[in-house]
Amino acid sequence: MQRRRFVQAAGLGLVAPGIFRGFAGRPEAGLRRPVFVYNNWSAYDELSDKVVQTEELAMRELNEILRLRKSGVRIDYYVMDAFWFDKMGGYRTWNHEHWPNGPGKWLEGCRANGIRPGMWFSTNLIATHDGRFLEPVPEWQDSVGTDTNILCLFDGGYLAHLGGTLQSWYDRGVRLFKFDFAYFEAVTPRMKDKYTPAQVKDMNEAAFRDMLRRFRQRNPDVIITGYNGFGGEMENTFTPFRQTVDPRWLEVFDTIYSGDPRFSDVPMMNIWRSQDNYSDHMNRQFETNGLPLRRIDNCAFMIGTTGTCYYRALHAWKGMLLLELARGGWMNVYHGNLELLKADDARWFGRAQALYGPLQGEDRFRSLGPIPGSGEAYGFGAVGVGGSVYTMVNPSQEFAVVSYPWTEERGPAFAKASAGKAVRLLYADGGYTPVIADKGIRLGPEQLVVVGTGIYADDRYDLGRDETVRVPVSSEPVAAAFSAKEKNRIAAMVDVKAFAGRSLRVIVQQFGSDGNPVRSWGGAPPDGKKMNQLIAIAVRQGFSALPVRVEYDKMIWSGLSWGVVEVAAKDYDPAAPVEIECSTAEKGELKLEARIYAVGY
């Protein structure tokens with residue numbers, strides 16, 4: 001669509017790494033091999049629905065790790081995420097209320113079972129919208145900024161104290177350190193007038209990098225990963241890609257993350273596939289910034305029963321796992337409630353890791369096709385010795401034929417490993433069965449598939465189908481003339497007699513005067529509003545409201561720019577017209593665009 005502006009991929013669907021300034025010639029930290037990490041965030045959530053982290057919860061998830069490992073799931077590290085610390089302890093003591101005996105039991109449990117512990121640290125933020133989560137200890141006082149919620153890194157005692165704290169936890173067995181919430185504009189009152197904002201930013205960044213560099217030199221086996229504040233634009237999936245990641249961060253970070261899971265600006269009936277699309281898009285953004293795929297932590301696998309993951313539980317989790325692995329990053333992070341995964345799930349999880357893990361280790365993954373936020377089919381490819389694995393997604397509402405990546409010219413490695421090899425469909429979402437034909441594969445709307453060639457076209461790699469995801473077997477646009485009824489409200493009377501026996505899928509999206517999608521925010525649980533109350537779709541026939549299937553009826557902390565509903569074939573009379581009305585609760589005037597598809601199952 002013309003309103004969306006994207007950086008185009010270089011080559012025949014194969015992204016050229018580093019089309020902006022890259023990292024050539026710079027000393028890199030970097031993992032030596034892929035690692036598999038459990039992070040307990042989203043098993044608890046102290047930022048939205050106030051489910052707190054406790055020793056009991058942390059130990060429960062450790063036991064779940066041990067259970068899953070028996071079924072073949074690989075987990076090497078266990079990261080204790082935010083709020084493990086005591087508010088008054090300067091990151092040196094644990095929350096006394098929830099960890100009355102400190103972390104000893106957890107640390108020993110990890111050590112005894114060959115799991116390396118990890119810990120979360122805020123880089124220099126000490127407060128959220130709810131107030132202080134850390135009070136400055138005496139050593140930090142002279143680093144408190146003019147904004148008292150952030151600490152200066154180049155002035156005062158905070159950074160030296162933090163470096164000593166990291167060493168003390170390393171000495172107790174911690175081997176992974178996650179840094180979040182970096183605010184490099186922090187400056188103390190005595191330095192405010194001495195330096196420009198640009199100088200302050202440069203000095204803060206240089207000081208932090210120097211501390212991490214010295215810490216890594218003393219402890220070469222640590223993993224250090226960067227989260228919010230180290231580059232990237234994560235609010236939407238339509239902003240044109242810009243260079244936002246400073247390559248110097250890869251001198252001290254093994255990986256940099258590409259954004260917490262949220263929903264893209266590509267509308268989908270299966271809202272979880274839209275979440276996959278967001279993470280695919282962000283992964284591409286960081287790759288375009290010059291990061292090798294192995295250095296990107298896509299942070300996309302998050303199951304759980306809390307608001308931070310939108311109460312996803314296990315919905316469409318298999319596709320989420322496959323894409324987490326297929327993006328090629330060496331930091332494979334799994335968040336949330338592991339107890340949701342039953343024995344059969346764990347065995348499937350282990351098989352997926354067994355397929356992708358060795359290919360990750362060979363660092364052979366490439367991004368394929370258009371930018372994911374464009375709404376066109378795309379994917380990821382990996383070539384191993386004797387074969388290849390391709391993971392492909394069609395985010396659109398119509399069927400898409402994807403040319404076989406292995407039949408196009410993609411260089412000697414692709415051609416040699418793939419030419420003349422057998423081809424097998426290893427995985428597909430349920431519903432429509434993808435068709436492998438002459439030189440391509442036909443994917444249904446919103447469908448994910450995995451294809452193996454050569455040695456990977458073997459039944460031992462078969463991952464089956466996920467029938468919890470229903471992809472239509474047919475999809476056809478329905479003509480509809482929507483007109484404005486009043487500000488932020490459009491409606492159409494639609495003739496549906498030609499679509500008897502098929503469901504009606506209605507999509508609406510809201511745009512600003514600049515032509516870009518506009519997200520609405522309804523707040524976080526438990527007091528927020530569900531998105532279908534803000535972006536509403538009503539379907540009526542005669543004087544009666546028709547029942548609709550809806551998946552975006554959630555409190556979404558990250559906002560949403562669209563809504564999708566579906567009316568089942570049995571719930572409307574094709575002999576009579578259907579009235580569809582779409583509206584937004586936004587106060588400013590927006591442009592609403594709606595479209596309808598007749599889908600068969």
Is there a donor-acceptor pair under 3.5 Å between the side chain of Asp429 and the backbone N or O of Gln447? no

Is there a side-chain contact between Met269 and Glu551 (heavy atoms, below 4.5 Å)? yes

Closest heavy-atom pair and its distance - Leu57, Val52: CD1-O, 4.0 Å

Any side-chain donor near an acceptor of the partner, Arg92 and Thr165, under 3.5 Å: yes

According to ring pair (Phe, Tyr, Trp, His ring centres under 6.0 Å), does anything in residues 59-81 pair up with another residue at least two apart or in another chain? List the pairs. Tyr38-Tyr78, Tyr78-Trp106

Would you check if Ile224 and Val252 make a side-chain contact, meaning some heavy-atom pair closer than 4.5 Å? no

Is there any salt bridge (Lys or Arg N to Asp or Glu O under 4.0 Å) pair reaching into residues 103-129, and which pairs are they, with sequence neighbours excluded? Glu108-Arg111

Measuring only between side-chain heavy atoms, which start at C-beta, is Tyr552 closer than 4.5 Å to Phe263? no

Close side-chain approach of Phe208 and Phe179, heavy atoms under 4.5 Å: yes

When rounded to the nearest 0.5 angstrom, what distance separates CZ in Arg505 from CZ in Arg549? 6.5 Å

Minimum side-chain heavy-atom gap Thr306-Ser48 below 4.5 Å: no

In the structure I gave you, are the side-chain heavy atoms of Ile65 and Ile115 within less than 4.5 Å of one another anywhere? yes

For Tyr427, the ring pair (Phe, Tyr, Trp, His ring centres under 6.0 Å) test, sequence neighbours excluded, returns none

For Thr468, which residues count as a side chain to side chain donor-acceptor pair (under 3.5 Å) partner, sequence neighbours excluded? Asp466

Between CZ on residue Arg351 and OH on residue Tyr356, distance to nearest 0.5 Å: 13.0 Å

With ring pair (Phe, Tyr, Trp, His ring centres under 6.0 Å) as the test, pick out the partner of Tyr334 among Trp317, Trp41, Phe301. Phe301

Contacts of Phe230 meeting ring pair (Phe, Tyr, Trp, His ring centres under 6.0 Å) (sequence neighbours excluded), chain-then-number -> Phe184, Trp249, Phe253

Check whether Trp330 reaches the backbone of Thr255 with its side chain - one donor and one acceptor, N or O, closer than 3.5 Å. no

Kindly determine whether Asn39 and Trp120 satisfy side-chain contact (heavy atoms from CB on, under 4.5 Å), including the steps that lead there. CA-CA 10 Å; Asn39 181 303; Trp120 178 99; 6.0 Å; no

Separation between CG (Leu560) and CH2 (Trp521), nearest 0.5 Å, reads 10.0 Å

Does Arg519 come within less than 4.0 Å of Asp265, counting only side-chain N to carboxylate O? yes

Is the His161 ring parallel, tilted or perpendicular to the Trp140 ring (thresholds 30°, 60°)? perpendicular

All pairs passing salt bridge (Lys or Arg N to Asp or Glu O under 4.0 Å) where residues 39-58 contributes a residue, at least two apart: Lys50-Asp130

Quick one: pull up CE in Met331 and CD1 in Ile296 and give me the separation to the nearest 0.5 Å. 13.0 Å

Where Ile303 and Cys309 come nearest, the two heavy atoms and their spacing: C-SG, 4.0 Å

Could you check, using the six-membered ring where one of them is a Trp, whether Phe83 and Tyr44 have ring centers closer than 6.0 angstrom? no

Is a donor on one side and an acceptor on the other found under 3.5 Å between the side chain of Asp76 and the backbone of Val37? no

For the backbone of Leu250 and the side chain of Arg295, can you confirm whether one donor and one acceptor N or O come within less than 3.5 Å of each other? yes

Test ring pair (Phe, Tyr, Trp, His ring centres under 6.0 Å) applied to His281 and Phe238, step by step: CA-CA 9 Å; His281 185 84; Phe238 61 80; 9.3 Å; no

Atom CZ of residue position Arg33 - does it have more than 12 heavy atoms of other residues, nucleotides or ligands inside 6.0 Å? no

Ser520 side, atom OG; Leu590 side, atom CG - distance, nearest 0.5 Å: 7.0 Å

Compare every heavy atom of Arg284 with every heavy atom of Ser367, then report the nearest pair and how far apart it is. CB-NE, 3.4 Å

If I take atom CD1 from residue Ile535 and atom CG from residue Leu592, how far apart are they, to the nearest 0.5 angstrom? 8.5 Å

Would you say Arg312's side chain and Ala316's backbone share a donor-acceptor pair under 3.5 angstrom? yes

Can you list everything that forms a ring pair (Phe, Tyr, Trp, His ring centres under 6.0 Å) with Tyr278? Sequence neighbours excluded, please. none

Any donor-acceptor N or O pair under 3.5 Å, side chains Asn124, Tyr158: no

What I want to check is whether the side chains of Thr308 and Ser42 have a donor and an acceptor closer together than 3.5 Å. no

State, yes or no, whether a side-chain contact exists between Arg273 and Leu448 at a heavy-atom distance under 4.5 Å. yes

Is a donor on one side and an acceptor on the other found under 3.5 Å between the side chain of Asn289 and the backbone of Arg242? yes

So salt bridge (Lys or Arg N to Asp or Glu O under 4.0 Å) across residues 166-180, not counting sequence neighbours, yields Asp81-Lys178, Arg175-Asp221

Measuring only between side-chain heavy atoms, which start at C-beta, is Pro445 closer than 4.5 Å to Val599? no

Just by modelled atom types, is the Thr305 backbone N or O under 3.5 Å from a matching donor or acceptor in the Asn337 side chain? yes

Please test Leu162 against Thr123 for side-chain contact (heavy atoms from CB on, under 4.5 Å), starting from the C-alpha separation and ending with a verdict. CA-CA 9 Å; Leu162 178 62; Thr123 303; over 6 Å; no

Side chain to side chain donor-acceptor pair (under 3.5 Å) against Asn298, all qualifying residues, sequence neighbours excluded: Arg327

Tell me, please, which residues at least two apart from Ser264 pass side chain to side chain donor-acceptor pair (under 3.5 Å). Ser274, Asn277

Ignoring hydrogens, what is the shortest heavy-atom contact between Val449 and Ala428? Give both atom names and the distance. CG1-CB, 4.2 Å

Of all pairs that satisfy salt bridge (Lys or Arg N to Asp or Glu O under 4.0 Å), the ones with a partner from residues 58-71, not counting sequence neighbours: Arg60-Glu339, Glu64-Arg67

Establish, from distance only, whether the side-chain atoms of Glu233 and Thr239 form a donor-acceptor pair under 3.5 Å. no

With sequence neighbours excluded, what pairs up with Trp99 under the side chain to side chain donor-acceptor pair (under 3.5 Å) test? Gln53

Check this for me, if you would: do Arg470 and Glu566 make a salt bridge, where the nitrogen-to-carboxylate-oxygen distance has to be below 4.0 angstrom? no

Pairing donors with acceptors under 3.5 angstrom, does anything connect the side chains of Gln353 and Asn332? no

Would you confirm whether Asn488, through its side chain, and Ser583, through its main-chain N or O, come within 3.5 Å as a donor-acceptor pair? no

Is any side-chain N of the basic residue among Asp345 and Lys342 closer than 4.0 Å to the acidic one's carboxylate O? no

Look only at the side chain of Glu467 and the backbone of Gly430, and say whether a donor-acceptor pair between them is shorter than 3.5 Å. no

Can you tell me if Tyr310 uses its side chain to pair, donor with acceptor, with the backbone of Pro261 under 3.5 Å? yes

